[in-house]
Amino acid sequence: MAMTILLLLVVLIVAAVAAYAATRPDSFRVERSLTIQAPPERIFTLINDFHQWRRWSPYEKLDPNLQRDYSGARSGKGAVYAWEGNGKAGKGRMEIADAQQPSRVAINLDFIKPFRATNKVDFTMMPEGTATRVTWAMQGQSPFIAKLMGLFMNMDHMIGKDFEQGLANLKTETERTELPPA
């Protein structure tokens, strides 16, 4: 009898957690901004060309043996960057969907491993006097499993800290007096 009650209690708890997860939002958005003492054109160049991402993207450091494949346009709309790496880096593909120099780069981001997901990424550069306010944002759908995981992990914090590090790296790169070659 006690085992039946315990089993029933466990089933009720699991059902309650699943029901609560189902009420979570169907989409997510993570966004971080940073002011950089550089003109938007200088920052745009490092974002609009995937070859330049090794300089500043925190994701480039997840796997020292990361395999990269560049295709499509050299930079701007139609530029494609695919990667495959260890469990941290995973496997995926990005394509620049739109580039409005020097203010915006829009990217379609497809994760393949360790999980499938399709997201939209936007970088915007807004002049603020002699500086530029750079915003890195990502948005996408939250299927049930993501809603469930979101009950136990703070996705905004996890992804947001990567964005903060990437923006800090971008700041360091663009505030140098002279950028080194790629």
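On a predicted model such as this, the values are computed, not experimentally measured, just so you know.
Tyr81 and Asp69 share no side-chain donor-acceptor pair at under 3.5 Å. For the residue pair Asn169 and Gln165, a side-chain donor N or O sits within less than 3.5 Å of a side-chain acceptor on the partner.
Under the 4.5 Å side-chain heavy-atom criterion for grouping Ile, Leu, Val, Met, Phe, Trp and Tyr, Val80 is not connected to Trp83 through any hydrophobic cluster.
Separating the OG atom in Ser57 from the CD atom in Gln52 is a distance of 12.5 Å, to the nearest 0.5 Å. Here the CG-CD1 distance, from Leu7 to Ile5, works out to 11.0 Å after rounding to the nearest 0.5 Å. With rounding to the nearest 0.5 Å, the separation of CD in Gln139 from CD in Glu31 is 9.5 Å. Of the inter-residue distances, the one linking Arg133 atom CZ with Thr35 atom OG1 reads 4.0 Å to the nearest 0.5 angstrom. Here the straight-line distance linking atom CZ of Phe163 with atom OG of Ser33 works out to 11.0 Å at 0.5 Å rounding. One distance of note links CD of Glu84 with CG of Leu66; it measures 9.0 Å at 0.5 Å rounding.
Panel note: side chain Asp156, backbone Val30; no donor-acceptor pair is recorded below 3.5 Å. Glu175 places a side-chain N or O within 3.5 Å of a backbone atom of Gln37 that can act as its donor or acceptor partner. Checked by atom type and distance alone, the side chain of Ser103 pairs as donor or acceptor with a backbone atom of Gln100 at under 3.5 Å. Checking side-chain atoms of Arg42 against main-chain N and O of Thr174 turns up a donor-acceptor pair under 3.5 Å.
Side-chain contact check for Met126 versus Thr132: every heavy-atom pair is 4.5 Å or farther apart. Under the 4.5 Å side-chain criterion, counting only non-hydrogen atoms from C-beta, Ile36 is in contact with Ile43. Within the 4.5 Å cutoff, the side chain of Met125 has heavy atoms near those of the Ile47 side chain.
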Review point. Are Met94 and Phe50 close enough, and set up right, to give a side chain to side chain contact (heavy atoms under 4.5 Å, CB included), and what steps lead you there?
Key: CA-CA 9 Å; Met94 294 189 289; Phe50 289 132; 3.7 Å; yes

Check your understanding: Yes or no on salt bridge (Lys or Arg N to Asp or Glu O under 4.0 Å) for Lys88 and Asp63, after CA distance, side-chain angles and deciding distance?
Key -> CA-CA 7 Å; Lys88 285 184 175 182; Asp63 180 358; over 6 Å; no

Practice item. Report the C-alpha separation of Glu60 and Arg68 in whole Å, then their side-chain angles, then the decisive distance to 0.1 Å, and conclude whether the salt bridge (Lys or Arg N to Asp or Glu O under 4.0 Å) test is met. Key: CA-CA 10 Å; Glu60 289 288 326; Arg68 300 168 181 87; 2.6 Å; yes

Check your understanding: Between Leu170 and Leu46, is a side chain to side chain contact (heavy atoms under 4.5 Å, CB included) present by the stated rule, with each step listed?
Key -> CA-CA 8 Å; Leu170 197 57; Leu46 291 177; 3.9 Å; yes

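Here the shortest heavy-atom pairing between Pro40 and Pro127 reads CG-CG, 3.9 Å. In this structure, Arg32 and Leu167 approach most closely via the heavy-atom pair O-CD1, 3.5 Å.
Aromatic ring orientation, Trp56 versus Trp136: perpendicular (interplanar angle above 60°, classes split at 30° and 60°). Note on ring orientation: taking the six-membered ring where Trp is involved, the planes of Trp53 and Phe123 are perpendicular (angle over 60°, cut-offs 30° and 60°).
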Side chains of residues 107-118: which donor-acceptor partners sit under 3.5 Å, not counting sequence neighbours?
unit_1 : atom_1 : unit_2 : atom_2 : d
Asn108 : OD1    : Lys120 : NZ     : 2.7
Asp110 : OD1    : Thr118 : OG1    : 3.0

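A salt bridge does not link Lys77 with Glu95: every distance from a Lys NZ or Arg NE/NH1/NH2 to an Asp or Glu carboxylate oxygen is 4.0 Å or more.
Under the rule for a side-chain contact (heavy atoms from CB on, under 4.5 Å), the partners of Ala99 that lie at least two apart in sequence or sit in another chain are Phe44, Asn48, Ile96.
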